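Contents: one structure, followed by commentary.
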Amino acid sequence: MVTTDPRVDAYIGKAALFAQPVLRHLRALIHQACPDVVETIKWSFPHFLYKDDMLCSMAAFTSHIVFSFWKAPLMKDPALMQRAREEQAMGHLGRIRALTDLPTGNKIRAYIREAMRLNDAGVKPARSKKGTAPAPSMPDIFELALNKNKKARGGFNSLTPSQQRDYITWLNEAKTSATRQKRLQQTLEWVEAGKDRNWKYR
């Protein structure tokens, strides 16, 4: 029996009209491939758990949707592995604006089943190697702003770790309070739209 979370229904209902059929389609594929999946909301957007471990997530933004596998770097498909390595990628299925941007249903179900096997085996994502530079600390004003703006929080959390560091470093490097405030407003606008800091240069 399919078990759904009403918060996911509400999330889809509030998404942009272009996004709703895509989100419903992805959700249906997840339940088809993994009948025991558990839906939840984390960081303000839908996540799907299997055997008490993260399986995948989806998020809708102003002009696109992202779909991500928690353990994509460990999966065998070359395209998924490449996107997992590319820090500029948004989600592991690329930028999605319509159903036609998605792989076939069979392909997505195969991805989900592979992710399930990793959870069955108890495989965990690799930890960062020791000796790497410590992550920059998030400015208090940024943390406070994200706590007040759920859409920006979801957008920021959907970015890769290096994309998040880009924004945090940029804010920390501001020399004056006026510059910091200007950068904060720009950051919130971009992350709310699902954009990394260098989106204009691609």
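Quantities reported herein were computed from a predicted structural model and do not represent experimental measurements.
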Next item on the list: Please report the C-alpha distance between D196 and D166 in whole Å, then the side-chain angles of each, then the deciding distance to 0.1 Å, and finally whether the side-chain contact (heavy atoms from CB on, under 4.5 Å) criterion is met.
Entry: CA-CA 8 Å; D196 64 87; D166 283 345; 5.9 Å; no

Checklist line | Derivation of the side-chain contact (heavy atoms from CB on, under 4.5 Å) call for N157 and K42 | finding: CA-CA 10 Å; N157 287 334; K42 289 181 178 289; over 6 Å; no

Next item on the list: Give the C-alpha distance, both sets of side-chain angles, the deciding distance and a yes or no for side-chain contact (heavy atoms from CB on, under 4.5 Å) between R27 and T4.
Entry: CA-CA 10 Å; R27 186 190 197 186; T4 59; 3.3 Å; yes

Next item on the list: Run the numbers on Y50 and V38 for side-chain contact (heavy atoms from CB on, under 4.5 Å), then give the verdict.
Entry: CA-CA 6 Å; Y50 172 63; V38 175; over 6 Å; no

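Using a 4.5 Å cut-off on side-chain heavy atoms (C-beta onward), K51 and V37 make no contact. Within the 4.5 Å cutoff, the side chain of H92 has no heavy atoms near those of the F67 side chain. With contacts defined as side-chain heavy-atom distances shorter than 4.5 Å, the pair T187/K195 does not qualify. Annotation: side chain of K151 is not in contact with side chain of V191 (no heavy-atom distance under 4.5 Å). Using a 4.5 Å heavy-atom cutoff, the side chains of W70 and N119 are not in contact. Considering only heavy atoms from C-beta on, V8 comes within 4.5 Å of I41 through its side chain. Contact of the R109 side chain with the L29 side chain is registered, since non-hydrogen atoms from C-beta on lie closer than 4.5 Å. Taking the side chain as every heavy atom from C-beta outward, D53 and K124 approach each other to under 4.5 Å.
K14 contributes atom NZ, which lies 12.5 Å from atom CD1 of I12 (distance to the nearest 0.5 angstrom). Separation of atoms CD1 (I96) and CG (L26) is listed at 5.5 Å; rounding is to 0.5 Å. Taken to the nearest 0.5 Å, the CZ atom of R24 stands 9.5 Å off from the CG atom of L99. In this structure, CD in E192 is found 10.5 Å from CG in L146, a value given to the nearest 0.5 Å. Taking NE2 of H31 as the start and CD1 of I112 as the end, the distance is 10.0 Å to the nearest 0.5 Å. How far CD1 of I168 is from CD of Q163: 12.0 Å, rounded to the nearest 0.5 Å.
Between I30 and C56, the shortest heavy-atom distance links the atoms CD1-SG, 3.7 Å. In terms of heavy-atom proximity, F18 sits nearest to H64 at CZ-N, 3.4 Å. Annotation for P103 and L93: closest pair CG-CD2, 4.1 Å, computed over non-hydrogen atoms. Scanning all heavy atoms of the two residues, the minimum distance from A115 to F69 falls at CB-CD2, 4.0 Å.
Under a 3.5 Å cut-off, the side chain of R183 and the backbone N or O of W170 do form a donor-acceptor pair. Of the possible donor and acceptor atoms, one in the side chain of D101 sits under 3.5 Å from a partner among the backbone N and O of R97. Checking side-chain atoms of K71 against main-chain N and O of L55 turns up no donor-acceptor pair under 3.5 Å. The backbone N or O of A178 sits nowhere less than 3.5 Å from a side-chain atom of Q181 that would complete a donor-acceptor pair.
The pair R113-D120 fails the salt-bridge criterion, with no side-chain N (NZ, NE, NH1 or NH2) lying under 4.0 Å from an Asp/Glu carboxylate O. With respect to E39 and R7, no salt bridge is recorded, no charged nitrogen being found less than 4.0 Å from a carboxylate O. Salt bridge annotation for R153-E143: present, with a cationic side-chain nitrogen under 4.0 angstrom from a carboxylate oxygen.
At most 12 non-hydrogen atoms from other residues, nucleotides or ligands lie less than 6.0 angstrom from CG of D140.
Looking at residues two or more places apart in sequence or on another chain, you find a side-chain contact (heavy atoms from CB on, under 4.5 Å) between A15 and A19, Q20, L23, A60. F45 is linked by a ring pair (Phe, Tyr, Trp, His ring centres under 6.0 Å) to H47, counting only residues two or more places apart in sequence or in another chain. Applying the ring pair (Phe, Tyr, Trp, His ring centres under 6.0 Å) rule to F156 yields the partners F142; only residues at least two apart in sequence or on another chain are considered.
The hydrophobic cluster containing L144 does not contain Y167, counting ILVMFWY residues as joined when their side-chain heavy atoms lie under 4.5 angstrom apart, directly or transitively.
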